[in-house]
**Q** 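Attaching a single structure in structure tokens format; questions to follow.
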2 protein chains.
Amino acid sequence: MAKTALNPQNLDSVATRFRILGVPLRLQILNELANGERTVTHLVEATGSTQPNVSKHLSTLLAHRLVKREKRGNSAFYSVSDPAVFKLCEIVCGNIERALEEERAAFTGG
Amino acid sequence: MAKTALNPQNLDSVATRFRILGVPLRLQILNELANGERTVTHLVEATGSTQPNVSKHLSTLLAHRLVKREKRGNSAFYSVSDPAVFKLCEIVCGNIERALEEERAAFTGG
DNA sequence: TGACTATATGATTATGTGGTTATATAGAGA
DNA sequence: TCTCTATATAACCACATAATCATATAGTCA
């Protein structure tokens with residue numbers, strides 16, 4: 001049954017998705033977008049990165065449909081297109097905390 | 001509230017986790033391990049990759065505590081240490097299928 | 001001990017990509 | 001039109017790392 005989680009066909013797609021999420025700045029951007037749509041300028045300020053860099057990562061996120069874009073006036077407003085990404089982050093955070101917990105236990109308990 | 005999902009401290013850790021999962025062969029290995037503990041030799045055959053390559057990826061997975069190892073006799077038996085990874089894969093698969101669905105809808109419906 | 005099997009690891013190469021810089025595009029307002 | 005602002009993109013560099021090859025380590029059995 002666990003076999004159903006991944007089949008050879010979408011294995012690459014799944015890996016790609018994970019790789020997209022494997023860049024701190026991109027996570028930072030997504031995290032910022034968790035609060036609603038944001039302009040590039042806002043994301044540049046929020047992340048402390050450069051405008052071209054943020055734009056490039058937004059392009060990547062857009063190309064893989066993790067965000068969507070809406071141009072209004074002079075600005076581009078980005079927003080998360082599938083909130084499931086935050087579910088992913090939560091699970092990973094849970095994993096990490098559990099791992100830290102185990103490390104702590106290993107120190108104190110033997 | 002969405003802010004709680006990621007904070008600057010674990011942002012790198014989360015990204016690293018995702019990056020670990022962002023390699024097809026590693027997903028293949030994990031997927032194989034979903035059925036229970038496996039030896040390196042078995043994983044080499046199951047994945048069609050080379051022994052050194054599989055061993056190296058197992059080392060990576062082990063270093064990041066995604067799998068655990070137990071040596072018995074001449075062999076090393078690997079198993080998944082946190083089944084939450086499969087939850088991740090399921091969500092990502094869901095995302096991808098949803099994206100495909102939307103593409104299909106875009107073709108037919110407008 | 002020696003032969004065999006299983007696994008790990010070091011060195012090397014090739015490729016992908018994140019970040020930077022400079023520049024292009026495009027809309028708003030005068 | 002010109003200027004300003006916002007965003008995108010192209011060229012480049014630097015670094016990380018996946019894959020390969022060769023070799024080392026370690027356990028089993030005779």
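Below, read A as the first sequence line, B as the second, and so on, with proteins coming before strands; counting in each chain starts at 1. Atom set for the values below is all heavy atoms of this structure, side chains included, hydrogens, waters and symmetry mates excluded.
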**Q** Distance check needed: D:dA18 C1' versus B:Leu21 CG, whole Å only.
**A** 16 Å
**Q** Over how many whole Å does the gap from A:Lys71 atom NZ to C:dT25 atom P extend?
**A** 13 Å
**Q** If you assign A:Thr50 and B:Thr39 each to the DNA chain C nucleotide with the nearest heavy atom, which residue ends up on the more 5' nucleotide?
**A** B:Thr39
**Q** Regarding B:Ser55 and B:Gln51, is there a side-chain donor-to-acceptor distance under 3.5 Å anywhere?
**A** yes
**Q** Between A:Ser55 and B:Asn53, just flag the one whose closest nucleotide in DNA chain D comes earlier from the 5' side.
**A** A:Ser55
**Q** Could you tell me the separation between the CG atom of A:Leu25 and the P atom of D:dA16, rounded to a whole number of Å?
**A** 17 Å
**Q** How long is the line joining CG of A:Leu61 and P of D:dT7, in whole Å?
**A** 16 Å
**Q** Side-chain N or O of A:Ser49 less than 4.0 angstrom from OP1 or OP2 on C:dG19?
**A** no
**Q** Closer than 4.0 Å, any side-chain N/O of B:Ser75 to the OP1 or OP2 of D:dG27?
**A** no
**Q** So, is A:Tyr78 near the phosphate of D:dA8, with a side-chain N or O under 4.0 Å from OP1 or OP2?
**A** yes
**Q** Would you indicate which nucleotide in C:dT7, D:dT7, C:dG27 comes nearest to any side-chain atom of A:Asn74?
**A** C:dG27
**Q** Could you report the tightest heavy-atom contact between A:Val67 and A:Leu62, atom names first, then the distance?
**A** O-CD1, 3.3 Å
**Q** Specify the separation, in whole Å, of atom CG of A:Leu58 and atom P of D:dA6.
**A** 16 Å
**Q** For B:Arg26 and D:dT17, what is the distance between atoms CZ and C1' respectively, to the nearest whole Å?
**A** 9 Å
**Q** Go through it in stages, so that I can follow the logic: the residues are B:Leu33 and B:Leu43, the test is side-chain contact (heavy atoms from CB on, under 4.5 Å), and I'd like the CA-CA distance, side-chain angles, deciding distance and then a yes or no.
**A** CA-CA 8 Å; B:Leu33 294 180; B:Leu43 293 171; 4.0 Å; yes
**Q** Take atom CZ of A:Arg69 and atom P of D:dT7, then tell me their distance rounded to the nearest Å.
**A** 11 Å
**Q** Between the base of C:dG19 and the side chain of A:Lys56, is there a donor-acceptor distance below 3.5 Å?
**A** yes
**Q** Between A:Arg72 and A:Phe77, is a side-chain contact (heavy atoms from CB on, under 4.5 Å) present by the stated rule, with each step listed?
**A** CA-CA 7 Å; A:Arg72 246 180 285 149; A:Phe77 291 81; 3.8 Å; yes
**Q** Just wondering, do A:Leu21 and A:Leu66 contact through their side chains at under 4.5 Å, heavy atoms?
**A** yes
**Q** Is there, by distance only and without an angle test, a donor paired with an acceptor across the side chain of A:Gln51 and the base of D:dA6 below 3.5 Å?
**A** no
**Q** Would you mind reading off the distance between B:His57 atom NE2 and D:dA19 atom C1', rounded to a whole angstrom?
**A** 7 Å
**Q** Respond yes when some side-chain nitrogen or oxygen of A:Arg72 is under 4.0 Å from OP1 or OP2 of D:dA6, and no when none is.
**A** no
